[in-house]
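Everything on this sheet refers to the single structure shown next.
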Number of protein chains: 2
Amino acid sequence: MAELERLNRLLTEFYDKMSSWEQSVVKETDYSLAQVHTIEVLGCCGAMRMKELAEKLGVTTGTLTVQVDKLVRAGLIERRAHPQDRRAIVVVLTEEGEVIHRRHNQMHLTLVEELTRHISPEQESLLIGCLEKMNREF
Amino acid sequence: MAELERLNRLLTEFYDKMSSWEQSVVKETDYSLAQVHTIEVLGCCGAMRMKELAEKLGVTTGTLTVQVDKLVRAGLIERRAHPQDRRAIVVVLTEEGEVIHRRHNQMHLTLVEELTRHISPEQESLLIGCLEKMNREF
DNA sequence: ACATATAGTTTGATTATCAAGGTAAAGGAC
DNA sequence: GTCCTTTACCTTGATAATCAAACTATATGT
């Protein structure tokens with residue numbers, strides 16, 4: 001099982017490097033890591049209710065309420081009434097929030113482009129296949 | 001560049017899933033995420049001085065001092081004098097710290113084993129190659 | 001119509017974190 | 001050797017993120 005150990009090491013290393021990359025990128029902005037992450041999820045997955053957003057972010061709804069308050073005050077997101085469920089709030093990016101998201105996403109793309117600089121298109125396809133399989137197993 | 005976008009999505013998804021997996025695993029233990037991460041780094045990379053550890057963890061030495069205090073009190077790590085540099089402290093896992101690390105590492109291995117369940121050995125080798133290339137580019 | 005479950009907010013306490021300032025030691029420049 | 005600068009770590013005070021639990025309003029099932 002040396003192969004497994006090696007893969008584990010590489011995945012952990014990748015995770016740690018991604019983590020510090022994200023931290024350093026966020027430090028350049030006016031927003032915190034938690035705030036950028038919230039924007040990221042809303043930008044990638046689209047508007048959603050508090051409950052769902054809290055689950056995706058891995059925090060309680062109480063925590064999210066506080067974060068959403070800040071982002072609303074910063075003008076990046078808005079609270080909207082849910083059309084069917086009057087208990088629910090739908091959180092949606094404002095135009096400014098969209099801008100922030102696109103800018104951040106572009107940095108991600110640039111990073112991935114750099115990371116795969118020495119990976120051939122065929123290998124890249126294989127990598128994509130592996131990632132799909134792995135993500136499905138979580 | 002649709003391929004790039006797709007890879008970016010998959011990597012982000014993988015990162016997020018790893019993150020929540022780690023969080024849920026840590027929640028079962030008596031230690032916090034920051035503490036487990038400290039143990040993880042010491043276990044994988046071996047004993048090192050405060051400065052180096054702080055860099056690997058992405059925190060200031062001030063923050064690390066506080067965390068190390070807690071882990072020393074918990075009996076998982078020890079502060080040792082650096083043999084050459086009398087300003088420096090070498091942080092090292094105790095026997096109990098090693099046990100915690102091995103237990104945590106085993107869970108990582110089990111996870112990776114599950115994740116790669118549907119990946120052939122040949123694909124796995126290719127995946128390892130890709131990860132090595134990507135980690136080198138960070 | 002009533003009981004129970006769910007969505008979101010508020011509150012109080014805890015933890016992690018940083019920046020800035022302090023101490024001690026190392027490493028050069030002279 | 002003596003000073004100056006840099007480095008390593010610790011301490012402190014303030015701030016941000018987080019949770020659990022209590023609360024309000026609405027939905028859902030019996």
Side-chain angles (χ1 to χ4, degrees), chain A residues 16 19-20 22-42 45 47-74 76-92, chain B residues 16 19-20 22-42 45 47-74 76-92:
Chain A
D16 287 342
S19 185
S20 57
E22 185 80 10
Q23 259 188 308
S24 72
V25 162
V26 164
K27 208 164 285 177
E28 304 295 307
T29 72
D30 296 334
Y31 309 103
S32 72
L33 186 60
Q35 287 168 350
V36 171
H37 199 198
T38 305
I39 298 297
E40 239 180 323
V41 170
L42 285 174
C45 307
M48 67 186 79
R49 52 166 68 196
M50 293 287 290
K51 187 73 194 308
E52 196 184 349
L53 184 53
E55 274 162 12
K56 282 202 198 290
L57 293 170
V59 296
T60 62
T61 57
T63 298
L64 184 58
T65 295
V66 178
Q67 287 299 339
V68 166
D69 285 346
K70 287 181 195 165
L71 288 169
V72 167
R73 245 177 281 129
L76 303 192
I77 64 177
E78 271 177 26
R79 282 186 169 95
R80 298 246 179 96
H82 189 287
Q84 276 86 48
D85 190 340
R86 291 207 293 162
R87 294 168 305 177
I89 295 287
V90 176
V91 186
V92 50
Chain B
D16 288 343
S19 186
S20 56
E22 185 80 10
Q23 259 187 307
S24 71
V25 162
V26 163
K27 207 164 286 176
E28 304 296 308
T29 72
D30 295 335
Y31 309 103
S32 72
L33 186 60
Q35 286 168 350
V36 172
H37 199 198
T38 305
I39 298 297
E40 239 179 323
V41 170
L42 286 174
C45 307
M48 66 185 79
R49 52 166 68 197
M50 293 287 289
K51 187 73 194 308
E52 197 183 349
L53 183 54
E55 276 162 9
K56 282 203 199 288
L57 294 170
V59 296
T60 62
T61 57
T63 297
L64 185 58
T65 295
V66 178
Q67 288 298 340
V68 166
D69 284 346
K70 287 179 194 165
L71 287 168
V72 167
R73 244 177 284 131
L76 303 192
I77 64 176
E78 271 178 27
R79 281 185 168 96
R80 298 246 179 97
H82 190 288
Q84 276 86 47
D85 189 339
R86 290 207 292 158
R87 297 167 303 176
I89 295 287
V90 177
V91 185
V92 50

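Letters A, B, ... mirror the listed sequences (proteins, then strands); counts begin at 1.
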Legend entry - Nearest non-hydrogen partners of Met50(B) and Thr61(B), listed with the distance: CE-O, 4.4 Å

Legend entry - DNA chain D: 5'-most and 3'-most nucleotides touching chain B, 4.0 angstrom heavy-atom criterion: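 The contact span of chain B on DNA chain D goes from dT7(D) to dT11(D).
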
Rounded distance (nearest 0.5 Å) linking atom [atom1] of [X] with atom [atom2] of [Y]:
{"X": "Leu64(B)", "Y": "Leu53(B)", "atom1": "CG", "atom2": "CG", "value": "4.5 Å"}
{"X": "Arg73(A)", "Y": "Lys70(A)", "atom1": "CZ", "atom2": "NZ", "value": "7.5 Å"}
{"X": "Leu57(A)", "Y": "Leu42(A)", "atom1": "CG", "atom2": "CG", "value": "7.5 Å"}

Legend entry - Net bend of the helix from dA1(C)-dT30(D) to dC30(C)-dG1(D), end axes of five pairs each, nearest 10 degrees: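 Rounded value for the end-axis angle: 30°.
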
Inset, instruction - For Lys70(A), answer base if it contacts any base atom (sugar-phosphate contacts may also be present), sugar-phosphate if it contacts only those atoms, and nothing otherwise; contact means non-hydrogen atoms under 4.0 Å. - result: sugar-phosphate

Inset, instruction - For Gln35(A), answer base if it contacts any base atom (sugar-phosphate contacts may also be present), sugar-phosphate if it contacts only those atoms, and nothing otherwise; contact means non-hydrogen atoms under 4.0 Å. - result: nothing

Inset, instruction - If a pair satisfies salt bridge (charged side-chain N to carboxylate O under 4.0 Å, His left out) and one of its residues is in residues 24-40 of chain B, list it, with sequence neighbours excluded. - result: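 Output for this query is empty, none listed.
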
Inset, instruction - List in numerical order all residues of residues 50-63 of chain B for which some heavy atom is under 4.0 Å away from an atom belonging to DNA chain C. - result: Gly58(B), Val59(B), Thr60(B), Thr63(B)

Legend entry - Student check: side-chain heavy atoms of Ile39(B) and Tyr31(B) closer than 4.5 Å: no

Legend entry - Close side-chain approach of Lys56(B) and Asp16(A), heavy atoms under 4.5 Å: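 When only atoms from C-beta onward are counted, Asp16(A) and Lys56(B) do not touch, as no gap falls below 4.5 Å.
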
List the atom pairs, with distances to 0.1 Å, where a side-chain N or O of residues 77-91 of chain A and a protein N or O form a donor-acceptor pair under 3.5 Å, not counting sequence neighbours.
residue: Glu78(A); atom: OE1; partner: Arg80(A); partner atom: NE; Å: 3.2
residue: Glu78(A); atom: OE1; partner: Arg80(A); partner atom: NH2; Å: 3.3
residue: Arg79(A); atom: NH1; partner: Asp69(A); partner atom: OD1; Å: 3.0
residue: Arg79(A); atom: NH2; partner: Asp69(A); partner atom: OD1; Å: 3.0
residue: His82(A); atom: ND1; partner: Gln84(A); partner atom: N; Å: 3.0
residue: His82(A); atom: ND1; partner: Asp85(A); partner atom: N; Å: 3.0
residue: His82(A); atom: NE2; partner: Arg49(A); partner atom: NH2; Å: 3.4
residue: Asp85(A); atom: OD1; partner: Arg87(A); partner atom: N; Å: 3.0
residue: Asp85(A); atom: OD1; partner: Arg87(A); partner atom: NE; Å: 3.1
residue: Asp85(A); atom: OD2; partner: Arg87(A); partner atom: NH2; Å: 2.9

Inset, instruction - On DNA chain C, reading 5' to 3', which nucleotide is the first and which the last to sit with an atom under 4.0 Å from a heavy atom of chain A, could you check? - result: dT6(C) to dT10(C)

Inset, instruction - Return the 5'-most residue of the pair Lys27(B), Val90(B) with respect to DNA chain D, ranking by each residue's nearest nucleotide. - result: Val90(B)

